[in-house]
Amino acid sequence: MKKITLSFDNGPDPEVTPAVLDVLAQKGVKASFFVVGDKLRDPERLALAQRAHAEGHWIGNHTFNHLVPLGRSQHEGVTALEIGRTQDLIGGLAHEMKFFRPFGGGGNLNADLLDRNARDYLQKEGFTCVLWNVVPRDWEQPAQWVETAMQMCRTIDHPLIVLHDITTGAMAYLDEFIDRAERDGMTFVQDFPAACLPMVRGKVMFDMSPFIADHGSRAYARPEIRKDRL
Ligand SMILES: [Zn+2]
């Protein structure tokens with residue numbers, strides 16, 4: 001049995017998340033939602049996170065502002081704001097493993113994801129860091145991502161796919177993707193593949209250095225990331 005795991009980042013969104021939850025309920029699939037802290041300050045969006053949690057989905061932390069990958073930010077105190085404040089807003093909806101997914105600036109698994117402060121903070125606070133292995137770039141190709149995702153999933157042992165419950169139109173094809181993946185012999189599970197969890201409950205599981213910026217030794221005149229990138 002080949003496993004596949006779904007995750008939805010950057011929501012909740014009143015125009016998209018309810019339909020995503022409806023599809024997941026109809027298909028009997030449990031997933032994870034990595035929410036943006038700033039959005040939870042809106043009661044309507046918070047209610048959607050509550051609904052997802054009540055329906056058995058896991059809620060994870062996906063930073064507060066979601067504007068600059070933590071590895072690119074050098075502002076004092078940014079870690080506590082981006083991770084800690086979001087965790088406070090998630091409150092009782094948090095999974096007991098305290099899932100945190102860094103903002104990837106376009107889905108890139110590189111040293112922009114974290115800096116040492118962020119790693120130390122996640123470790124001290126007992127977080128589980130959840131990365132990914134399939135990014136079909138649904139925001140760039142809202143009508144074609146299903147085919148891309150299918151091709152990518154076929155090459156990976158246990159795909160952990162990143163989708164986005166935001167207003168791109170891409171989630172109109174979620175049910176089609178689930179059907180195709182199941183027809184292809186994949187079974188949807190909620191657990192994450194171990195290869196995507198470099199830190200579990202604050203314990204480092206494998207070398208995290210590829211994901212951690214080294215502010216001390218590299219030139220730091222890089223442009224800020226564009227706001228519209230995911
Ligand atoms: Zn994101």
Side-chain angles (χ1 to χ4, degrees), residues 5-17 20-21 24 31-42 45-46 48-49 52 57-73 78-79 81-87 89-90 93-95 98-115 118-119 121-122 127-142 145 148-149 152 159-171 174 177 192-193 196-199 208 210-213 223-230:
T5 301
L6 280 180
S7 60
F8 300 89
D9 289 9
N10 298 19
D13 187 287
E15 289 179 39
V16 182
T17 309
V20 167
L21 290 169
L24 295 175
S32 291
F33 289 81
F34 290 90
V35 298
V36 172
D38 190 35
K39 294 187 176 178
L40 294 188
R41 296 194 302 158
D42 170 7
R45 292 172 189 258
L46 178 62
L48 291 169
H57 305 293
W58 293 340
I59 307 298
N61 180 327
H62 192 40
T63 75
F64 184 80
N65 285 305
H66 196 270
L67 291 179
V68 180
L70 292 173
R72 288 199 189 185
S73 178
V78 74
T79 299
L81 171 71
E82 290 291 331
I83 305 175
R85 191 175 180 193
T86 300
Q87 202 64 19
L89 284 158
I90 291 172
L93 302 181
H95 190 278
K98 296 180 77 170
F99 296 130
F100 171 76
R101 170 172 282 168
F103 166 40
N108 304 310
L109 288 168
N110 61 26
D112 285 339
L113 289 184
L114 299 168
D115 63 7
R119 180 202 51 202
Y121 182 89
L122 292 168
F127 278 89
T128 296
C129 186
V130 184
L131 301 180
W132 53 85
N133 55 25
V134 173
V135 179
R137 302 183 81 85
D138 56 311
W139 68 93
E140 281 182 355
Q141 41 168 5
W145 67 267
T148 306
M152 294 172 100
L160 167 47
I161 181 167
V162 179
L163 299 172
H164 297 84
D165 53 332
I166 56 172
T167 56
T168 58
M171 288 307 95
L174 177 62
F177 175 70
F192 305 117
C196 293
L197 303 178
M199 184 187 291
M208 291 183 73
F211 316 121
I212 295 173
E224 292 280 279
I225 193 156
R226 287 189 359 244
K227 275 191 178 184
D228 57 354
R229 289 186 64 187
L230 298 176

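Not measured: the values here are computed from a predicted model. As the structure lists them, so they are numbered: ligands from 1, and atoms in each ligand from 1.
Remark: aromatic rings of Phe192 and Trp58 are close, center separation under 6.0 Å.
A salt bridge does not link Asp42 with Lys39: none of the charged nitrogens is closer than 4.0 Å to a carboxylate oxygen.
Residues passing the ring pair (Phe, Tyr, Trp, His ring centres under 6.0 Å) test with Phe64: none are found, sequence neighbours excluded.
Among the atoms of Asn10, an N, O or S atom falls under 2.8 Å from the Zn ion (ligand 1). The Zn ion (ligand 1) has no N, O or S atom of His164 under 2.8 Å away, backbone or side chain.
Closest non-hydrogen pair, Ile166 versus Asp13, comes out as CA-CB, 4.4 Å.
Within His66, the N/O/S atom positioned nearest the Zn ion (ligand 1) carries the name NE2.
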